[in-house]
Protein chains: 2
Amino acid sequence: METGDHNMAARRRTNGNTESVDNYLKAILYLGGAEESRVTIKALAGRLSVAPASVTNMLQKLAGSPAPLVEYERHRGVRLSSAGKRRALEVVRHHRLIETFLYQVLDYPIEELHEEAERLEHFISERFEQRIAAKLGNPRIDPHGHSIPTMEGEMPEGERPARESILLADVVGDGTFVIDSISDRDAHSLRSIEACGITPGARLRVRKSASSEGYSVRTGRSSKVFDLSREVARDVRVVRLPK
Amino acid sequence: METGDHNMAARRRTNGNTESVDNYLKAILYLGGAEESRVTIKALAGRLSVAPASVTNMLQKLAGSPAPLVEYERHRGVRLSSAGKRRALEVVRHHRLIETFLYQVLDYPIEELHEEAERLEHFISERFEQRIAAKLGNPRIDPHGHSIPTMEGEMPEGERPARESILLADVVGDGTFVIDSISDRDAHSLRSIEACGITPGARLRVRKSASSEGYSVRTGRSSKVFDLSREVARDVRVVRLPK
DNA sequence: TCCTATAGTTAGGTATACCTAATTTGGAAG
DNA sequence: CTTCCAAATTAGGTATACCTAACTATAGGA
């Protein structure tokens with residue numbers, strides 16, 4: 001006479017943070033909802049590639065639970081609760097540690113880091129997180145130049161992307177810059193960016209060409225000059241150096 | 001006027017192999033449904049901790065798809081199709097490679113391998129699989145002594161657990177044995193098994209004690225004698241050595 | 001052979017996380 | 001102060017993967 005421990009599986013999914021919830025929290029964090037400002041349903045829907053109605057639904061659930069992950073008021077947008085912020089930063093930490101690990105230990109090509117990390121970040125255990133962090137010597141920066149949140153769920157000092165960094169695409173006039181960070185989202189750009197020797201911390205000289213739409217760019221290492229498209233320049237953040 | 005690439009997420013889940021499907025395939029493989037013999041709905045339900053009705057439902061879907069993963073006939077049980085067998089072995093390969101990787105590269109304690117691998121096996125990419133396999137030197141055996149299926153989706157020569165291996169619990173009389181493999185499922189047993197020095201490939205002498213219910217066991221390395229409970233002896237497979 | 005117990009199936013329902021379409025709201029512009 | 005529009009919400013529906021309860025089929029014992 002089996003008792004039948006059925007509906008275990010169901011329960012597991014019901015309680016814990018799902019992949020989907022993680023992605024909502026990350027999106028809110030990304031859009032600025034970790035501070036005072038509230039994030040708009042439309043913006044969230046856009047970032048998540050989901051209908052606005054779905055966002056409203058999900059937020060109502062997240063806000064209405066016993067330990068809410070977000071603060072949400074009808075028609076007034078959302079922001080993260082402190083629990084929500086903690087979880088969001090944990091997932092970001094996972095993402096960036098995994099990227100660093102794949103790059104340094106498993107020799108992944110840079111343009112494949114994001115996709116793999118995006119999947120795995122939701123499923124690794126506390127132990128896995130700690131072991132790879134230890135193996136890597138507790139890094140503070142990932143291969144794209146982004147800060148890795150601490151184990152305690154906070155952004156470390158000297159956060160990257162730095163507040164004062166700007167998009168390479170928004171640079172006005174010529175000058176010398178330090179490369180702050182590179183967006184990890186567009187695999188295609190990453191290929192050409194790496195090919196130019198553009199890497200976080202490197203120096204870079206810009207001379208805007210009148211003729212082409214792009215950027216003439218010289219990195220420290222090679223003294224070659226590369227032409228970057230406007231497209232690609234939107235994936236690179238830089239900090240201007242004093243002359 | 002946004003076109004809205006909504007229902008992408010939905011579609012992604014709909015097509016691909018889900019975690020759940022993987023687990024059904026693995027269970028059928030484990031229960032012997034890779035060969036001629038058919039597996040019973042009840043056995044599957046038991047192994048998956050799911051109601052028999054749920055199994056019937058799932059199998060109908062798996063059998064009815066354009067590229068069926070199982071062969072299923074009402075009231076006559078189920079077995080894997082060749083595509084299903086390939087996928088099942090791929091997942092097992094993932095599982096065992098991940099365990100080996102966690103053990104050798106990330107220094108996981110042996111009793112925590114299974115749980116982490118069980119989660120991650122569904123989500124790693126082809127590339128991840130290949131990179132860790134390469135890093136480990138394309139191992140053929142995992143830390144529990146189980147064969148790792150090949151990249152082509154086949155069990156290698158000299159399969160482990162070996163056909164002729166038996167449970168330590170089923171050993172009749174005294175003798176000397178080679179340890180074939182150890183079940184990875186019970187974390188608690190694994191602790192005490194490792195503490196005895198029981199490890200795949202090691203030699204082991206058994207003397208059954210009349211008094212206790214357990215086994216008196218001496219491994220090659222230490223000349224200490226350990227008492228193993230009947231419980232734990234059911235997690236160890238051995239092959240008898242000629243005297 | 002028949003008949004019942006057990007295995008398997010069907011029917012109907014839950015929760016998640018999406019969708020579209022219809023409706024409501026709130027703030028900016030006249 | 002009203003109007004109107006974009007943003008947000010509600011209502012109702014889909015698919016997945018589970019469940020329970022009720023029904024059916026099959027195989028083995030009398």
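Since the model is a prediction, treat every value here as computed from it, not as a measurement. These numbers come from the heavy atoms of this one structure, side chains and all, not from hydrogens, waters or symmetry mates. Every chain is numbered from 1, with letters handed out A, B, ... down the list of sequences.
In this structure, the CD atom of E73(B) is 11 Å from the P atom of dT9(C), given to the nearest Å. Here dA8(D) presents its P atom at 9 Å from NE2 of H75(A), a figure rounded to the nearest Å. Taking atom CG on L31(B) and atom P on dA7(C), their separation rounds to 15 Å, with Å as the unit. Spacing between atom OH of Y24(B) and atom C1' of dC18(D) amounts to 8 Å, rounded to whole angstrom units. Rounded to an integer number of Å, the gap from CG of L59(A) to P of dA7(D) is 17 Å. In this structure, Q60(B) atom CD and dT16(D) atom P are separated by 14 Å, rounded to whole Å. Nucleotide dT9(D) holds its P atom 11 Å from the CG atom of L44(A), rounded to whole Å. Computed from coordinates, the L48(B) CG to dC19(D) C1' distance equals 15 Å when rounded to whole Å.
Across all strands, T56(A) comes closer than 4.0 Å to base atoms (heavy-atom distances). When heavy atoms are screened at a 4.0 angstrom cut-off, S54(B) is found touching base atoms of the nucleic acid.
Classified by interplanar angle (parallel below 30°, tilted 30° to 60°, perpendicular above 60°), the ring pair F123(B)/F123(A) is parallel.
The side chain of T18(A) contributes an N or O atom lying less than 4.0 Å from OP1 or OP2 of dA17(C). The phosphate of dC18(C) (OP1 or OP2) has a side-chain N or O of S20(A) nearer than 4.0 angstrom. The side chain of R74(A) places an N or O atom within less than 4.0 Å of a non-bridging phosphate oxygen (OP1 or OP2) of dT10(D).
For Y72(A), the listed nucleotide lying nearest its side chain is dA8(D); candidates were dA8(D), dT20(D), dA17(C).
When every heavy atom of A133(A) is checked against every heavy atom of P139(A), the shortest pair comes out as O-CD, 3.9 Å.
A side-chain N or O of E116(A) and one of S125(B) form a donor-acceptor pair less than 3.5 Å apart. A donor-acceptor contact closer than 3.5 angstrom is absent between the side chains of D142(A) and T100(A).
Ranked by how close their nearest DNA chain C nucleotide is to the 5' end, V55(B) and N57(A) are led by V55(B).
Tested against E121(B) for a side chain to side chain donor-acceptor pair (under 3.5 Å), the candidates R96(B), R93(B), H95(B) yield a single pass: H95(B).
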